[in-house]
Amino acid sequence: MASLVVGALALVGLGACSAPPTPNGTARALAAGIASGDLTDVVLAGATPAAATKTLTAATAGMTPKHPAVTVDAIKIAAKGATATAALHYTWDLDSGDKDWTYTTKAHFELVKDVWQATWSPYLIAPDLVEGETLSVGRKQAERAPVLGAAGAKLVESRPVVHLGFDKTRVDAAGQSAAATKVAAALKMDPVAFVARVAAAGEKAFVEGFTIRADDTSVDKAAFALLPGASAVPGTLPLASSKRFARPILGTVGPATAEIVAKSDGAIVGGDETGLSGLQRQYDKQLRGMPGLTVVATAADGVTKREVFAVEGTVGEPLVTTLVPALQESAETILEKVVPASAIVAIQPSTGAVLAAASGPGGGDYSTATVAKYAPGSVFKVISSLALLRTGLTPDSPVTCPVTINVEGRAFSNFPGYPTTANGTISLKTAVANSCNTAFIGSRDLAPQSALVSAAASLGLGGIAPLGYPAYQGSVPADATGTDHAASMIGQSRIEVSPLAMATVAASVARGQTVVPRLVGAKAAVVPAPAVPLTAAEATALRTMMRAVVTDGGAKFLLGLPGGDVMAKTGTAQYGSAGNLQNHTWMIAIQGDLAVAVFVETGELGSTTSGPLLKAFLTAAHG
């Protein structure tokens, strides 16, 4: 909304609104705003019938037009003759979200040529303002709401922190540069940049280096405190239970940047704590609540103050997610020592709830779990199998698995160590169990690229509808032909997915219908239904083939795990130049009401690199 009142009230105060009552500057703007406009809600007590029918107006020569940030709710007038006193109930909108503050004062009116006109003064804003007083506004940020997980668990709440930095009041000006250099070194920061920040700050400034949790031992706080100018200021910040916990998804909270303040249209001011990334940024308005407001009159001595108006802040509304802390922590722990970018995503098929979405430390603060784009390799054969089932094939239908196959001059083969006993004529189920590339490529004419696109959509892959959180749902190009289409049958070429997308595929197979992965809110996002819905018979056939991967194929290490039978699919996708090919490794699995995708950016094979991580997660989930 408008910014005039923000500037006058919330940011710089009402210094112009002081006695003597000369309506100019801020006072004039506010006074004009209060009473101009169409004020039709009028009660005239004791006035003549003719006067009671007139519309009250406030037209004063030279005054600025009504500002949209100030509106009048109601006016009641007690009139005697040609004069009246009115109680005005008007609203201040200080651009803090959707909340308005109502303030009541009085104005004097005169009936001039059958029109009520106001007599203006700064006292209209503060009726008891005295000579020499000025008005200013204080703003207190509301308590930030927590981020919740499944069953109301608090994932992010206010926790103690320590702000480490340099206090310029503790070192004389001549020694500040040398002292700031030592502080920067202790904090392992760029000393040149930090010293420049210290020099540019005010003479009494505290220049923050960075903030750590109160229990963080990465900095020797006792030794730090001995440095000249070093200062450790205690405080609180909304934090998860650990630094690593779902950090790329949940995001961080900190001082608002200049860019955020500029884009907030007055809702956020300098010094506010606000969401800087992830869900904290996306849902910042909901979480930050509404600030409190006080209007204070300060006497001419600059010391004596009295409160004119006050309203309490409103705590933000919690953001509810579906994450299960124990599963998320388990996934984070399993990925902790994985060097390349990695991820584990777990979905509850019956509800679509994302129970865990962990990104390994190799990806930094990037949410590998939900937004990364990688070739899926052979885990995509679940989708290719659905496309083949729709041509009339069954898990027992015969397919041919040669050692190699040539498509338009390009040779395709199976992975190193492929079992020779699974070559030749085998069933589709055996081709899935052992991940025979040549069998799927040899069946490519049965399933054109359009069939792959349709099958992918039936299993929840390839959507573009917003889910309420950052997510890449995968992409299957519709225009692939020749070798491009052949490679698509085994999840290579231009096909891209995220771990979240592949967990959704597994969840859809488990549920027997398309799953929409839900991470925030009580309901899944409304997305277009697939053109060809997944049938119960198709899902049963896919589960049969995925079970064969465990009983007869490359995932026998998943036999006998606690929690019941596991169905799975391994996957390896080559990437890089011809002379330096490397592998993305995947595994997806279903166990009861749990669907999981595990990904490692660079590894050996899906079964040997991602497989042990999957086994550890499923074991922990039922431990």
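Note: hydrogens, waters and symmetry copies are ignored here, and every other heavy atom, side chains too, is used. Note that the coordinates shown come from a computational prediction; the quantities given were computed from them, not determined experimentally.
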Across all chains, not counting sequence neighbours, the ring-ring contact (aromatic ring centres under 6.0 Å, His included) partners of F557 are none
For residues 597-607, dump all side-chain donor-acceptor pairs below 3.5 Å to protein atoms at least two apart in sequence or in another chain.
| residue | atom | partner | partner atom | Å |
| --- | --- | --- | --- | --- |
| E601 | OE2 | Y374 | OH | 3.0 |
| T602 | OG1 | Y575 | OH | 2.5 |
| E604 | OE1 | T608 | OG1 | 3.3 |

Under 3.5 Å, side chain of E538 to main-chain N/O of T535, donor-acceptor pair present?
-> yes
On a heavy-atom basis, the closest approach of A358 and A369 is O-CB, 3.7 Å
Flag side-chain contact, heavy atom, 4.5 Å: L148 against L155 = no
Indicate yes or no for a side-chain donor-acceptor contact from N414 to the backbone of T438 under 3.5 Å, with no hydrogens or angles considered.
-> yes
By side-chain contact (heavy atoms from CB on, under 4.5 Å) - contacts of T351 (at least two apart) = Q348, A353, R518
Pairs in or reaching into residues 515-545: which pass ring-ring contact (aromatic ring centres under 6.0 Å, His included), with residues at least two apart or in two chains?
-> none
First locate atom CD of Q328, then atom CD1 of I344, and finally report the distance between them rounded to the nearest 0.5 Å.
-> 9.5 Å
Heavy-atom pair of closest approach, residues A433 and A548 | CB-O, 3.5 Å
Taking every heavy atom of V509 against every heavy atom of R543, the minimum-distance pair comes out as O-NH1, 2.7 Å
Quick one: list whatever passes ring-ring contact (aromatic ring centres under 6.0 Å, His included) with Y469, sequence neighbours left out.
-> none
Out of curiosity, Q574 CD to H584 NE2, how far, rounded to the nearest 0.5 Å?
-> 10.5 Å
Sidechain N-carboxylate O distance under 4.0 Å for R410, E408 = no
Is E336 paired with R244 through a side-chain N to carboxylate O contact shorter than 4.0 Å?
-> yes
Using a strict 4.0 Å threshold on nitrogen-to-oxygen distance, state whether D284 and R144 make a salt bridge.
-> yes
Nearest heavy-atom approach of I426 to C401 is CD1-CB, 3.7 Å
Do K154 and S241 have side-chain atoms, one donor and one acceptor, less than 3.5 Å apart?
-> no
Return the minimal non-hydrogen interatomic distance between I405 and G442, and the atom names on each side.
-> CD1-CA, 3.6 Å
Donor-acceptor side-chain pairing of S427 and D396 below 3.5 angstrom = no
Counting distance only, does the side-chain N/O of Q286 pair as donor-acceptor with the main-chain N or O of P318 below 3.5 Å?
-> yes
Determine the sole option in R494, H485, Q449 for which the side chain to side chain donor-acceptor pair (under 3.5 Å) test with D479 is passed.
-> R494
Can you sort out the partners of R247 under salt bridge (charged side-chain N to carboxylate O under 4.0 Å, His left out), two or more places apart, ordered by chain and number?
-> D365
ring-ring contact (aromatic ring centres under 6.0 Å, His included): which pairs involve residues 497-533, sequence neighbours left out?
-> none
Going by distance alone, is a donor N or O of one side chain under 3.5 Å from an acceptor N or O of the other, for K381 and S384?
-> no
Without hydrogens or angle criteria, can the side chains of T585 and S610 be said to hold a donor-acceptor pair below 3.5 Å?
-> yes
Check: D216/S218 side-chain N/O donor and acceptor closer than 3.5 Å | yes
Can you name the residues that form a side-chain hydrogen bond (donor to acceptor under 3.5 Å, both in side chains) with H163, not counting sequence neighbours?
-> E208, T211
For F415, the ring-ring contact (aromatic ring centres under 6.0 Å, His included) test, sequence neighbours excluded, returns Y418
Which residues pass the side-chain contact (heavy atoms from CB on, under 4.5 Å) test with P448, sequence neighbours left out?
-> S450, A451
Exercise: identify the closest heavy-atom pair between G363 and T368 = CA-OG1, 4.1 Å
Can you name the side-chain contact (heavy atoms from CB on, under 4.5 Å) partners of V453, sequence neighbours left out?
-> V476, A478
Mind checking what makes side-chain hydrogen bond (donor to acceptor under 3.5 Å, both in side chains) contact with S242, not counting sequence neighbours?
-> none
Q591 versus H622, side-chain donor and acceptor atoms under 3.5 Å = yes
